[in-house]
Amino acid sequence: MNNRRDEEISVKPLLACLRGARFERPPVWLMRQAGRYLPEYRAIRSSVGGFLELCYTPDLATEVTLQPVRRFGMDAAILFSDILVLPHALGVEVRFLEGEGPKLAPVRTAEAVALLEPGAVLDRLAPVFETVRRVAQALPPATALIGFAGAPWTVAAYMIEGGGSREFPLARRLARQAPATMTALVETLTTATIDYLGAQAAAGAEVLQLFDSWAGALPPTERARWCLEPAERIVRELRARHPEVPVILFPRGVGAGYPAFARLGAAGLALDTTVPVDWATRELGDPALCLQGNLDPIALLGPIEAMLGEARRIVAAMKGRAHIFNLGHGVLPETPVEAVAALVADLKTSAT
Ligand code: CP3
(Lines give C-alpha, C1' and ligand atoms only; values in the text may rest on other atoms or scores of the structure.)
Protein backbone atom coordinates (compact mmCIF):
# COMPACT_ATOMS: atom_id res chain seq x y z
CA MET A 1 0.00 0.00 0.00
CA ASN A 2 1.60 3.26 -1.03
CA ASN A 3 1.08 6.57 0.74
CA ARG A 4 -0.64 8.26 -2.13
CA ARG A 5 -3.25 5.52 -2.11
CA ASP A 6 -3.79 5.84 1.65
CA GLU A 7 -4.32 9.56 1.26
CA GLU A 8 -6.86 9.04 -1.47
CA ILE A 9 -8.83 6.57 0.61
CA SER A 10 -8.93 9.00 3.51
CA VAL A 11 -10.44 11.80 1.39
CA LYS A 12 -12.80 9.68 -0.72
CA PRO A 13 -15.68 8.31 1.39
CA LEU A 14 -16.70 5.84 -1.29
CA LEU A 15 -13.26 4.18 -1.28
CA ALA A 16 -13.23 4.08 2.52
CA CYS A 17 -16.65 2.42 2.44
CA LEU A 18 -15.34 -0.30 0.15
CA ARG A 19 -12.67 -0.94 2.81
CA GLY A 20 -15.45 -1.52 5.36
CA ALA A 21 -15.81 1.99 6.83
CA ARG A 22 -19.29 2.97 8.03
CA PHE A 23 -20.66 6.46 7.68
CA GLU A 24 -23.48 8.32 9.34
CA ARG A 25 -24.56 9.27 5.81
CA PRO A 26 -23.66 6.81 3.09
CA PRO A 27 -21.72 7.92 0.02
CA VAL A 28 -23.95 7.96 -3.06
CA TRP A 29 -23.80 7.43 -6.80
CA LEU A 30 -26.47 6.16 -9.18
CA MET A 31 -26.21 3.53 -11.88
CA ARG A 32 -26.77 5.26 -15.24
CA GLN A 33 -26.35 8.65 -13.56
CA ALA A 34 -25.19 10.05 -16.91
CA GLY A 35 -27.67 9.82 -19.74
CA ARG A 36 -30.84 10.87 -21.43
CA TYR A 37 -32.68 12.25 -18.38
CA LEU A 38 -30.10 15.09 -18.33
CA PRO A 39 -30.68 17.95 -20.84
CA GLU A 40 -26.91 18.59 -20.99
CA TYR A 41 -26.39 14.93 -22.01
CA ARG A 42 -29.05 15.15 -24.72
CA ALA A 43 -27.37 18.28 -26.11
CA ILE A 44 -24.05 16.46 -26.50
CA ARG A 45 -25.70 13.26 -27.71
CA SER A 46 -27.46 15.13 -30.53
CA SER A 47 -24.15 16.68 -31.64
CA VAL A 48 -22.66 13.28 -32.57
CA GLY A 49 -23.73 10.76 -35.18
CA GLY A 50 -23.93 7.68 -33.02
CA PHE A 51 -23.81 6.52 -29.43
CA LEU A 52 -20.54 4.59 -29.98
CA GLU A 53 -18.93 7.73 -31.39
CA LEU A 54 -19.77 9.42 -28.09
CA CYS A 55 -18.17 6.53 -26.17
CA TYR A 56 -15.01 6.73 -28.31
CA THR A 57 -14.51 10.52 -28.25
CA PRO A 58 -12.57 11.22 -25.02
CA ASP A 59 -13.46 14.94 -24.98
CA LEU A 60 -17.17 14.26 -25.09
CA ALA A 61 -17.16 11.10 -22.99
CA THR A 62 -15.21 12.97 -20.29
CA GLU A 63 -17.70 15.81 -20.30
CA VAL A 64 -20.69 13.46 -20.11
CA THR A 65 -19.06 11.49 -17.24
CA LEU A 66 -18.61 14.72 -15.27
CA GLN A 67 -22.08 16.19 -15.90
CA PRO A 68 -23.99 14.42 -13.07
CA VAL A 69 -21.13 14.96 -10.60
CA ARG A 70 -21.10 18.65 -11.37
CA ARG A 71 -24.87 19.02 -11.15
CA PHE A 72 -25.63 16.82 -8.11
CA GLY A 73 -22.32 16.21 -6.29
CA MET A 74 -22.32 12.43 -6.21
CA ASP A 75 -19.45 10.73 -4.37
CA ALA A 76 -18.37 8.89 -7.53
CA ALA A 77 -18.30 9.35 -11.27
CA ILE A 78 -18.85 6.28 -13.45
CA LEU A 79 -16.93 6.20 -16.70
CA PHE A 80 -19.25 7.00 -19.60
CA SER A 81 -19.14 4.01 -21.93
CA ASP A 82 -21.21 0.86 -22.42
CA ILE A 83 -20.90 -2.84 -21.69
CA LEU A 84 -21.21 -3.49 -25.44
CA VAL A 85 -17.96 -1.73 -26.42
CA LEU A 86 -16.22 -5.02 -25.51
CA PRO A 87 -17.95 -7.15 -28.19
CA HIS A 88 -17.44 -4.21 -30.57
CA ALA A 89 -13.70 -4.26 -29.83
CA LEU A 90 -13.71 -8.04 -30.36
CA GLY A 91 -14.79 -7.33 -33.94
CA VAL A 92 -18.58 -7.74 -33.64
CA GLU A 93 -20.80 -5.27 -35.46
CA VAL A 94 -22.72 -3.29 -32.79
CA ARG A 95 -25.29 -0.58 -33.51
CA PHE A 96 -27.46 1.49 -31.20
CA LEU A 97 -30.74 2.33 -32.90
CA GLU A 98 -32.87 5.17 -31.58
CA GLY A 99 -35.74 3.75 -29.54
CA GLU A 100 -34.82 0.13 -30.34
CA GLY A 101 -31.83 -0.53 -28.14
CA PRO A 102 -28.63 -2.26 -29.23
CA LYS A 103 -28.35 -4.58 -32.25
CA LEU A 104 -25.37 -6.92 -32.68
CA ALA A 105 -24.31 -9.30 -35.45
CA PRO A 106 -25.16 -12.60 -33.68
CA VAL A 107 -22.38 -14.90 -32.45
CA ARG A 108 -23.95 -18.37 -32.17
CA THR A 109 -21.47 -20.89 -33.53
CA ALA A 110 -18.00 -22.20 -32.68
CA GLU A 111 -16.81 -20.66 -35.97
CA ALA A 112 -18.13 -17.22 -35.02
CA VAL A 113 -16.49 -17.45 -31.58
CA ALA A 114 -13.17 -18.42 -33.22
CA LEU A 115 -13.35 -15.25 -35.35
CA LEU A 116 -13.39 -12.93 -32.31
CA GLU A 117 -10.23 -10.83 -32.00
CA PRO A 118 -9.20 -10.66 -28.32
CA GLY A 119 -5.71 -9.48 -29.32
CA ALA A 120 -7.17 -6.23 -30.70
CA VAL A 121 -9.25 -5.24 -27.68
CA LEU A 122 -6.85 -2.99 -25.79
CA ASP A 123 -5.83 -1.03 -28.90
CA ARG A 124 -9.39 -0.55 -30.05
CA LEU A 125 -10.49 0.59 -26.60
CA ALA A 126 -7.62 3.07 -26.22
CA PRO A 127 -10.06 6.06 -26.40
CA VAL A 128 -11.90 4.65 -23.35
CA PHE A 129 -8.66 4.54 -21.34
CA GLU A 130 -7.92 8.10 -22.46
CA THR A 131 -11.34 9.13 -21.09
CA VAL A 132 -10.49 7.44 -17.78
CA ARG A 133 -7.22 9.39 -17.60
CA ARG A 134 -8.95 12.69 -18.31
CA VAL A 135 -11.77 12.13 -15.84
CA ALA A 136 -9.28 11.10 -13.14
CA GLN A 137 -7.50 14.44 -13.65
CA ALA A 138 -10.69 16.50 -13.62
CA LEU A 139 -12.58 15.07 -10.63
CA PRO A 140 -12.90 16.89 -7.30
CA PRO A 141 -10.56 15.33 -4.70
CA ALA A 142 -13.31 13.61 -2.71
CA THR A 143 -14.96 12.00 -5.75
CA ALA A 144 -14.02 8.46 -6.74
CA LEU A 145 -13.84 7.18 -10.32
CA ILE A 146 -15.61 3.92 -11.15
CA GLY A 147 -14.72 1.89 -14.23
CA PHE A 148 -16.90 -0.99 -15.36
CA ALA A 149 -17.55 -3.85 -17.71
CA GLY A 150 -20.41 -6.23 -18.39
CA ALA A 151 -20.02 -9.70 -16.88
CA PRO A 152 -19.23 -12.45 -19.41
CA TRP A 153 -22.69 -14.08 -19.24
CA THR A 154 -24.55 -10.78 -19.76
CA VAL A 155 -22.30 -9.73 -22.65
CA ALA A 156 -22.50 -13.25 -24.16
CA ALA A 157 -26.30 -13.10 -23.88
CA TYR A 158 -26.44 -9.89 -25.99
CA MET A 159 -23.96 -11.39 -28.48
CA ILE A 160 -25.87 -14.65 -28.92
CA GLU A 161 -29.29 -13.00 -29.03
CA GLY A 162 -28.10 -10.25 -31.37
CA GLY A 163 -29.52 -7.57 -29.07
CA GLY A 164 -31.62 -7.10 -25.96
CA SER A 165 -34.32 -9.52 -24.93
CA ARG A 166 -36.66 -10.07 -21.99
CA GLU A 167 -35.48 -13.60 -21.24
CA PHE A 168 -32.56 -14.34 -23.59
CA PRO A 169 -33.94 -17.72 -24.77
CA LEU A 170 -31.31 -18.25 -27.51
CA ALA A 171 -28.43 -17.66 -25.10
CA ARG A 172 -29.90 -19.96 -22.45
CA ARG A 173 -30.52 -22.62 -25.07
CA LEU A 174 -27.01 -22.39 -26.51
CA ALA A 175 -25.53 -22.78 -23.01
CA ARG A 176 -27.36 -26.12 -22.66
CA GLN A 177 -27.17 -27.48 -26.19
CA ALA A 178 -23.69 -26.33 -27.22
CA PRO A 179 -21.77 -26.07 -23.93
CA ALA A 180 -18.38 -26.23 -25.69
CA THR A 181 -19.25 -23.18 -27.82
CA MET A 182 -20.61 -21.37 -24.76
CA THR A 183 -17.47 -22.23 -22.79
CA ALA A 184 -15.26 -20.85 -25.56
CA LEU A 185 -17.30 -17.63 -25.75
CA VAL A 186 -17.42 -17.10 -21.98
CA GLU A 187 -13.68 -17.83 -21.65
CA THR A 188 -12.82 -15.35 -24.40
CA LEU A 189 -14.99 -12.74 -22.70
CA THR A 190 -13.59 -13.49 -19.24
CA THR A 191 -9.98 -13.03 -20.36
CA ALA A 192 -10.84 -9.91 -22.38
CA THR A 193 -12.78 -8.46 -19.43
CA ILE A 194 -9.82 -8.96 -17.09
CA ASP A 195 -7.54 -7.15 -19.56
CA TYR A 196 -10.11 -4.43 -20.18
CA LEU A 197 -10.80 -3.74 -16.48
CA GLY A 198 -7.09 -4.00 -15.67
CA ALA A 199 -6.35 -1.33 -18.28
CA GLN A 200 -9.07 0.92 -16.81
CA ALA A 201 -7.42 0.55 -13.38
CA ALA A 202 -4.01 1.31 -14.89
CA ALA A 203 -5.49 4.48 -16.46
CA GLY A 204 -6.89 5.70 -13.13
CA ALA A 205 -10.15 3.91 -12.33
CA GLU A 206 -10.29 3.53 -8.53
CA VAL A 207 -13.18 1.05 -8.35
CA LEU A 208 -14.39 -1.51 -10.90
CA GLN A 209 -18.02 -2.63 -11.19
CA LEU A 210 -19.02 -5.79 -13.02
CA PHE A 211 -22.60 -5.60 -14.35
CA ASP A 212 -24.23 -9.03 -14.59
CA SER A 213 -27.58 -7.50 -15.49
CA TRP A 214 -29.04 -10.79 -16.75
CA ALA A 215 -27.63 -13.21 -14.14
CA GLY A 216 -31.25 -13.68 -13.01
CA ALA A 217 -32.21 -15.18 -16.38
CA LEU A 218 -30.26 -18.34 -15.52
CA PRO A 219 -31.36 -20.98 -12.99
CA PRO A 220 -28.94 -21.47 -10.07
CA THR A 221 -27.54 -24.70 -11.52
CA GLU A 222 -26.43 -22.90 -14.70
CA ARG A 223 -25.42 -19.74 -12.91
CA ALA A 224 -22.54 -21.42 -11.09
CA ARG A 225 -20.80 -22.10 -14.37
CA TRP A 226 -21.65 -19.03 -16.44
CA CYS A 227 -21.78 -16.31 -13.74
CA LEU A 228 -20.07 -17.34 -10.49
CA GLU A 229 -16.98 -18.99 -11.97
CA PRO A 230 -16.13 -16.14 -14.38
CA ALA A 231 -16.81 -13.51 -11.68
CA GLU A 232 -14.54 -15.35 -9.27
CA ARG A 233 -11.75 -15.49 -11.86
CA ILE A 234 -12.16 -11.81 -12.74
CA VAL A 235 -12.04 -10.77 -9.05
CA ARG A 236 -9.05 -12.99 -8.33
CA GLU A 237 -6.99 -11.79 -11.31
CA LEU A 238 -7.80 -8.13 -10.73
CA ARG A 239 -6.84 -8.44 -7.06
CA ALA A 240 -3.53 -9.91 -8.18
CA ARG A 241 -2.89 -7.16 -10.76
CA HIS A 242 -4.41 -4.18 -8.91
CA PRO A 243 -4.78 -5.07 -5.23
CA GLU A 244 -5.62 -1.46 -4.40
CA VAL A 245 -8.68 -1.35 -6.69
CA PRO A 246 -11.87 -2.80 -5.15
CA VAL A 247 -14.41 -4.67 -7.28
CA ILE A 248 -18.20 -4.38 -6.93
CA LEU A 249 -20.34 -7.22 -8.30
CA PHE A 250 -23.89 -6.58 -9.53
CA PRO A 251 -25.57 -9.95 -10.14
CA ARG A 252 -29.02 -8.57 -10.88
CA GLY A 253 -32.00 -10.79 -10.23
CA VAL A 254 -30.30 -13.69 -8.44
CA GLY A 255 -32.43 -13.51 -5.26
CA ALA A 256 -31.42 -16.29 -2.87
CA GLY A 257 -28.25 -16.66 -4.95
CA TYR A 258 -26.79 -13.41 -3.56
CA PRO A 259 -24.85 -15.11 -0.70
CA ALA A 260 -22.85 -17.13 -3.26
CA PHE A 261 -21.73 -13.86 -4.91
CA ALA A 262 -20.85 -12.45 -1.48
CA ARG A 263 -18.17 -15.14 -1.13
CA LEU A 264 -16.15 -14.41 -4.26
CA GLY A 265 -13.70 -11.95 -2.72
CA ALA A 266 -15.24 -8.75 -4.10
CA ALA A 267 -15.20 -5.68 -1.85
CA GLY A 268 -18.76 -4.69 -2.72
CA LEU A 269 -22.04 -6.28 -3.73
CA ALA A 270 -24.76 -4.27 -5.48
CA LEU A 271 -28.31 -5.23 -4.50
CA ASP A 272 -31.13 -5.11 -7.05
CA THR A 273 -34.60 -3.76 -6.26
CA THR A 274 -36.00 -7.16 -5.23
CA VAL A 275 -33.61 -7.75 -2.31
CA PRO A 276 -35.04 -6.91 1.14
CA VAL A 277 -32.38 -4.81 2.83
CA ASP A 278 -32.82 -6.40 6.28
CA TRP A 279 -32.46 -9.87 4.69
CA ALA A 280 -29.26 -8.70 2.99
CA THR A 281 -27.71 -7.37 6.19
CA ARG A 282 -28.46 -10.72 7.90
CA GLU A 283 -27.57 -13.14 5.14
CA LEU A 284 -24.63 -11.45 3.45
CA GLY A 285 -22.32 -12.46 6.25
CA ASP A 286 -19.02 -10.63 6.37
CA PRO A 287 -19.66 -7.16 7.82
CA ALA A 288 -16.59 -5.88 5.94
CA LEU A 289 -18.42 -6.58 2.66
CA CYS A 290 -19.81 -3.27 1.47
CA LEU A 291 -23.43 -3.40 0.28
CA GLN A 292 -24.64 -1.06 -2.44
CA GLY A 293 -28.21 -0.18 -3.34
CA ASN A 294 -31.08 -0.44 -3.73
CA LEU A 295 -33.82 2.15 -4.27
CA ASP A 296 -36.29 1.30 -7.05
CA PRO A 297 -35.55 3.64 -10.02
CA ILE A 298 -39.34 3.98 -10.50
CA ALA A 299 -39.52 5.73 -7.11
CA LEU A 300 -37.69 8.66 -8.71
CA LEU A 301 -40.68 9.23 -11.00
CA GLY A 302 -42.55 10.47 -7.91
CA PRO A 303 -44.03 11.41 -5.61
CA ILE A 304 -40.79 12.84 -4.29
CA GLU A 305 -41.69 12.64 -0.57
CA ALA A 306 -42.48 8.92 -0.85
CA MET A 307 -39.20 8.38 -2.70
CA LEU A 308 -37.25 10.18 0.03
CA GLY A 309 -39.04 8.09 2.68
CA GLU A 310 -37.92 4.89 0.95
CA ALA A 311 -34.37 6.15 0.60
CA ARG A 312 -34.25 6.94 4.33
CA ARG A 313 -35.63 3.50 5.19
CA ILE A 314 -32.83 1.90 3.19
CA VAL A 315 -30.21 4.03 4.94
CA ALA A 316 -31.68 3.18 8.36
CA ALA A 317 -31.80 -0.56 7.62
CA MET A 318 -28.15 -0.51 6.50
CA LYS A 319 -26.96 1.17 9.69
CA GLY A 320 -23.94 -0.60 11.10
CA ARG A 321 -23.00 -1.93 7.66
CA ALA A 322 -20.60 -0.44 5.13
CA HIS A 323 -23.17 0.94 2.67
CA ILE A 324 -23.00 2.85 -0.60
CA PHE A 325 -26.36 4.34 -1.52
CA ASN A 326 -27.49 3.57 -5.07
CA LEU A 327 -30.50 2.45 -7.04
CA GLY A 328 -31.36 -1.20 -7.60
CA HIS A 329 -30.97 -0.63 -11.36
CA GLY A 330 -30.24 2.31 -13.65
CA VAL A 331 -31.81 5.79 -13.69
CA LEU A 332 -34.72 5.76 -16.20
CA PRO A 333 -34.65 8.25 -19.12
CA GLU A 334 -37.99 9.78 -18.00
CA THR A 335 -36.64 10.62 -14.50
CA PRO A 336 -37.13 14.28 -13.52
CA VAL A 337 -33.80 15.98 -12.83
CA GLU A 338 -35.37 17.53 -9.68
CA ALA A 339 -35.98 14.08 -8.20
CA VAL A 340 -32.31 13.12 -8.50
CA ALA A 341 -31.32 16.50 -7.04
CA ALA A 342 -33.71 16.02 -4.12
CA LEU A 343 -32.46 12.48 -3.47
CA VAL A 344 -28.77 13.37 -3.41
CA ALA A 345 -29.38 16.51 -1.32
CA ASP A 346 -31.48 14.59 1.18
CA LEU A 347 -28.86 11.86 1.56
CA LYS A 348 -26.24 14.51 2.25
CA THR A 349 -28.25 16.43 4.82
CA SER A 350 -31.10 14.48 6.41
CA ALA A 351 -30.98 13.56 10.10
CA THR A 352 -30.16 9.88 10.45
O1 CP3 B 1 -23.95 6.70 -16.30
C2 CP3 B 1 -23.57 5.52 -16.40
O3 CP3 B 1 -24.04 4.59 -15.70
C4 CP3 B 1 -22.40 5.21 -17.32
C5 CP3 B 1 -22.70 4.75 -18.62
C6 CP3 B 1 -23.41 3.42 -18.89
C7 CP3 B 1 -24.22 3.25 -20.05
N8 CP3 B 1 -24.56 1.93 -20.12
C9 CP3 B 1 -24.55 4.31 -21.00
C10 CP3 B 1 -25.65 4.12 -21.98
C11 CP3 B 1 -23.35 2.19 -18.24
C12 CP3 B 1 -22.67 1.82 -16.92
C13 CP3 B 1 -24.08 1.26 -19.04
C14 CP3 B 1 -24.20 -0.17 -18.69
C15 CP3 B 1 -25.06 -1.04 -19.51
N16 CP3 B 1 -25.30 -0.98 -20.86
C17 CP3 B 1 -25.71 -2.19 -19.01
C18 CP3 B 1 -25.63 -2.70 -17.58
C19 CP3 B 1 -26.53 -1.96 -16.66
C20 CP3 B 1 -28.01 -2.24 -16.87
O21 CP3 B 1 -28.70 -1.27 -17.24
O22 CP3 B 1 -28.43 -3.37 -16.67
C23 CP3 B 1 -26.41 -2.77 -20.08
C24 CP3 B 1 -27.27 -4.03 -20.01
C25 CP3 B 1 -26.13 -2.00 -21.24
C26 CP3 B 1 -26.56 -2.28 -22.66
C27 CP3 B 1 -27.31 -1.15 -23.23
N28 CP3 B 1 -26.77 0.06 -23.59
C29 CP3 B 1 -28.70 -1.10 -23.54
C30 CP3 B 1 -29.68 -2.23 -23.30
C31 CP3 B 1 -28.94 0.15 -24.09
C32 CP3 B 1 -30.24 0.63 -24.68
C33 CP3 B 1 -31.23 0.99 -23.64
C34 CP3 B 1 -31.12 2.44 -23.35
O35 CP3 B 1 -31.09 2.80 -22.17
O36 CP3 B 1 -31.06 3.21 -24.33
C37 CP3 B 1 -27.74 0.89 -24.08
C38 CP3 B 1 -27.52 2.27 -24.56
C39 CP3 B 1 -26.97 3.24 -23.57
N40 CP3 B 1 -25.93 2.99 -22.72
C41 CP3 B 1 -27.38 4.60 -23.41
C42 CP3 B 1 -26.56 5.15 -22.41
C43 CP3 B 1 -26.58 6.55 -21.90
C44 CP3 B 1 -28.48 5.29 -24.18
C45 CP3 B 1 -28.05 5.50 -25.61
C46 CP3 B 1 -28.22 6.92 -26.13
O47 CP3 B 1 -28.01 7.89 -25.38
O48 CP3 B 1 -28.51 7.03 -27.32
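Order of listing sets the numbers, starting from 1, for every ligand and every atom in it.
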- Item | Results of side chain to side chain donor-acceptor pair (under 3.5 Å) for Arg173 - residues two or more places apart only | Gln177
- Query: With sequence neighbours left out, what residues match Lys103 under side chain to side chain donor-acceptor pair (under 3.5 Å)?
  - Reply: none
- Item | ring-ring contact (aromatic ring centres under 6.0 Å, His included): pairs with one or both residues in residues 86-114, sequence neighbours excluded | Phe51-Phe96, Tyr56-His88
Dump the pairs for me: ligand 1 N or O, protein N or O, distance under 3.5 Å, to 0.1 Å.
unit_1	atom_1	unit_2	atom_2	d
ligand 1	1 (O)	Gln33	N	3.2
ligand 1	1 (O)	Ala34	N	3.0
ligand 1	1 (O)	Ala34	O	3.4
ligand 1	3 (O)	Arg32	N	2.8
ligand 1	8 (N)	Asp82	OD1	3.0
ligand 1	16 (N)	Asp82	OD1	3.0
ligand 1	21 (O)	Arg32	NH1	3.4
ligand 1	21 (O)	His329	NE2	3.1
ligand 1	22 (O)	Ser213	OG	2.5
ligand 1	22 (O)	His329	NE2	2.7
ligand 1	28 (N)	Asp82	OD1	2.7
ligand 1	28 (N)	Asp82	OD2	3.4
ligand 1	35 (O)	Arg32	NH2	2.7
ligand 1	35 (O)	Arg36	NH2	2.7
ligand 1	36 (O)	Arg36	NH1	3.2
ligand 1	36 (O)	Arg36	NH2	2.7
ligand 1	40 (N)	Asp82	OD1	2.7
ligand 1	47 (O)	Tyr41	OH	2.5
ligand 1	47 (O)	Arg45	NE	3.3
ligand 1	48 (O)	Arg45	NE	2.7
ligand 1	48 (O)	Arg45	NH2	3.2

- Message: I'd like to know if Asp75 pairs up with Lys348 as an ion pair, taking the criterion as any Lys NZ or Arg NE/NH1/NH2 lying under 4.0 Å from an Asp or Glu carboxylate oxygen.
- Response: yes
- Answer yes if the ring centres of Phe148 and Phe250 are under 6.0 angstrom apart, and no otherwise. no
- Query: Can Glu117 and Arg124 be counted as an ion pair, charged N to O under 4.0 angstrom?
  - Reply: yes
